[in-house]
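Worksheet: the structure to be examined is printed underneath.
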Amino acid sequence: MPFSDYRTALVTGASTGIGAVIVERLAKRGLEVHAVARDSARLDALAGRTGCVPHTADITSTEALAAVVSGLDIDVLVNNAGVSRTGNILTADEFAVDEQIAVNLRAVLHLVRLVMPGMVERDLGHIVNIGSIAGVYNFGGNTIYHATKSAVHTLSRQLRVDGFGRRVRVTEICPGRVETEIFGRLLGDREKAQREFYDGYESLKPEDIASALEFAVDSPRHMNVGHIEILPTFQVPGGLEFERRAS
Ligand SMILES: NC(=O)c1ccc[n+]([C@@H]2O[C@H](COP(=O)([O-])OP(=O)(O)OC[C@H]3O[C@@H](n4cnc5c(N)ncnc54)[C@H](OP(=O)(O)O)[C@@H]3O)[C@@H](O)[C@H]2O)c1
């Protein structure tokens, strides 16, 4: 459904990175945008720039999520907030497992549970899940992140089944590397992350992801854009390894 059919949106992880740019884009297209994150100062600045409605909330709290959406009819739900931590399953600590599941998956499930029934009832809505190439490809690194994003991938397809017969659309966007704060948060050192992950690379920008979302949301009513994979031109997923036995 084109933007003219929608009045409201809710974006998680709105204080910076991809989420902040999505808020700007949706507000520019005339929607009342509810912006959710923990950093209230940044949300207030975003509200000043875009007119969005800021909601300071930790999305690992289901109670807080319910309070945010209470009384709202959300037409466009953007599950964008996400965290990544270092370590595969051999090295990860307890917090890495719990936080990534809580932010990347549990909050997504709860928000959809809270918002989608209204969309089905109104016969109008669009859910956009920001997944990752980590959800569809295997490569070395953060196993828990892969697992949560893979769940978001399956969920995105399953929601189409749950909304069958109603005008509720679902889009999953799977980016490769985007220049944001995510790696700085992961390493706890933004300058190191800049050097390791971004300097010298032609990474995607948050605007690239917002443009993909805009395309999906603005497509005509009869069209559901299900899955969008976007990578930097110089980034390629995949590869196959085969180790000789040790003895
Ligand atoms: N950057 C990449 O290379 C890349 C690649 C593929 C997929 N993605 C996905 O893209 C999405 C956006 O990531 P980004 O790169 O823009 O990351 P980012 O710059 O680190 O921003 C993350 C956002 O999530 C919010 N957030 C984190 N924990 C939260 C919590 N407990 N409660 C509420 N908000 C929380 C942060 O806000 P507060 O700290 O203010 O709460 C922030 O607004 C994520 O789902 C990520 O997995 C990113």
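Counting starts at 1 for both ligands and their atoms, in listed order.
Every residue two or more places apart in sequence or in another chain that forms a ring-ring contact (aromatic ring centres under 6.0 Å, His included) with Tyr198 is listed here: Phe183. In terms of the side chain to side chain donor-acceptor pair (under 3.5 Å) criterion, residue partners of Arg25 (sequence neighbours excluded) are, by chain and number, Ser211, Glu214.
The cationic group of Arg177 does not satisfy the cation-pi geometry with Phe197, failing either the under 6.0 Å distance to the six-membered ring centre or the 45° limit from the ring axis.
Pairs passing the ring pair (Phe, Tyr, Trp, His ring centres under 6.0 Å) check and including a residue from residues 20-66, sequence neighbours excluded, read His34-His55.
For a heavy-atom separation below 4.0 Å, the residues in contact with ligand 1 are Gly13, Ala14, Ser15, Thr16, Gly17, Ile18, Ala37, Arg38, Asp39, Ala57, Asp58, Ile59, Thr60, Asn80, Ala81, Gly82, Val83, Val103, Ile130, Gly131, Ser132, Tyr145, Lys149, Pro175, Gly176, Arg177, Val178, Thr180, Glu181, Ile182, Phe183, Arg185.
If you check the side chains of Ser219 and Arg169, you find a donor sitting under 3.5 Å from an acceptor. For the 3.5 Å distance criterion, the side chains of Thr143 and Asn88 fail to qualify, holding no donor opposite an acceptor.
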